[in-house]
Amino acid sequence: RNTRYGHSCSVVLTTLVVTGGFGRQDVELYDLTKKTWTTGPSLPSVMSYGQALTIGQNMFAIFLSGQVMKLTREMDQWQWNTVTQIPKWAVGYRGRYRPFLPAPQISEHTLAC
């Protein structure tokens with residue numbers, strides 16, 4: 001819905017979750033069945049060039065700092081919760097700050113689920 005770059009996306013069930021971006025901490029949700037946009041819960045801080053991934057029905061946002069947040073939905077309310085802190089990866093991409101290329105292999109054990 002809004003122009004952004006350096007953001008991350010992942011799909012949770014039938015919702016596309018667009019997180020952060022350069023200088024941003026807002027979240028947008030696109031319902032793939034209704035084809036509508038809504039505003040999601042903001043991240044606790046700016047998330048530029050981070051990583052978003054879905055495991056099962058859970059979406060995780062990984063910040064450059066290594067902070068991992070989990071997005072949950074309860075009774076139509078979306079909420080971010082801190083899960084763990086993981087080491088930062090040092091692999092860059094064309095001099096950019098996204099240190100997740102190639103994409104890391106993350107298991108539920110790594111995320112303390």
Side-chain angles (χ1 to χ4, degrees):
R1 176 168 59 176
N2 292 313
T3 303
R4 59 179 77 214
Y5 65 95
H7 59 285
S8 300
C9 302
S10 195
V11 175
V12 180
L13 300 174
T14 61
T15 303
L16 171 67
V17 182
V18 182
T19 56
F22 185 76
R24 302 181 76 139
Q25 65 188 74
D26 61 317
V27 174
E28 295 177 308
L29 308 169
Y30 182 72
D31 187 309
L32 297 167
T33 52
K34 296 178 184 176
K35 299 183 179 3
T36 56
W37 286 100
T38 56
T39 301
S42 291
L43 294 158
S45 60
V46 170
M47 182 180 163
S48 301
Y49 301 105
Q51 185 77 17
L53 60 113
T54 300
I55 297 176
Q57 296 181 8
N58 299 305
M59 189 205 136
F60 297 89
I62 306 174
F63 290 74
L64 291 178
S65 65
Q67 178 184 18
V68 180
M69 304 285 298
K70 178 180 177 182
L71 182 63
T72 58
R73 183 177 183 179
E74 295 179 21
M75 300 188 65
D76 290 330
Q77 293 283 24
W78 294 87
Q79 179 178 322
W80 289 105
N81 295 297
T82 300
V83 176
T84 191
Q85 182 76 27
I86 59 177
K88 293 196 278 186
W89 287 288
V91 179
Y93 173 66
R94 295 184 184 175
R96 302 270 176 139
Y97 301 103
R98 188 184 302 254
F100 300 103
L101 191 66
Q105 298 235 352
I106 306 250
S107 68
E108 292 180 13
H109 175 72
T110 304
L111 297 174
C113 295

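Heavy atoms only: backbone and side chains are in, while hydrogens, waters and symmetry mates are out.
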Are V46 and Y49 joined in one hydrophobic group, where the rule is that I, L, V, M, F, W and Y side chains link up if heavy atoms are under 4.5 Å apart? no

Rounding to 0.5 Å, atoms CG (L16) and CG (L29) come to a distance of 8.5 Å

Show the numbers, then the answer: is there a side chain to side chain contact (heavy atoms under 4.5 Å, CB included) between Q51 and F63?
CA-CA 7 Å; Q51 185 77 17; F63 290 74; over 6 Å; no

(request) Output yes when a side-chain donor or acceptor of T14 lies under 3.5 Å from a complementary backbone atom of L32, and no otherwise. (result) no

To the nearest 0.5 Å, atom NZ of K70 lies from atom OG1 of T82 at 12.5 Å

Here the gap from L64 atom CG to Q67 atom CD, rounded to the nearest 0.5 Å, amounts to 11.0 Å

- Message: Would the distance check show the side chain of W80 and the main-chain N or O of P44 forming a donor-acceptor pair, the cut-off being under 3.5 Å?
- Response: no

What one should report as the nearest heavy-atom pair of H7 and T19 is CB-O, 3.4 Å

Give a yes or no answer on whether the side chain of Q85 reaches the backbone of S65 with a donor-acceptor pair at less than 3.5 Å. yes

Quick check: do R73 and L13 have side-chain heavy atoms less than 4.5 Å from each other? no

Scanning both residues in full, the closest heavy-atom pair of G20 with R4 reads O-NH1, 2.5 Å

**Request:** If the plane angle is over 60° it's perpendicular, under 30° parallel, otherwise tilted; pick one for F22 and Y5.
**Result:** parallel

Contact check, side chains of L71 and P41, non-hydrogen atoms, under 4.5 Å = yes

Hydrophobic clusters here meaning ILVMFWY residues chained together by side-chain heavy-atom distances under 4.5 Å, can you tell me if W78 and M47 are in one? yes

So T39 and D26, do their side chains get closer than 4.5 Å, heavy atoms only? no

Please check if the side chain of S48 supplies one atom and the backbone of G21 the other of a donor-acceptor pair under 3.5 Å. yes

| task | Mark yes or no for whether Q25, through its side chain, and S42, through its backbone, hold a donor-acceptor pair below 3.5 Å. | result | no

Is there a path from M69 to V12 through hydrophobic residues (I, L, V, M, F, W, Y) whose side chains come within less than 4.5 Å of each other?
-> yes

Correct closest heavy-atom pair for A52 and C9 would be CB-O, 3.8 Å

From the list V17, V18, T38, side chain to side chain contact (heavy atoms under 4.5 Å, CB included) with V27 holds only for V17

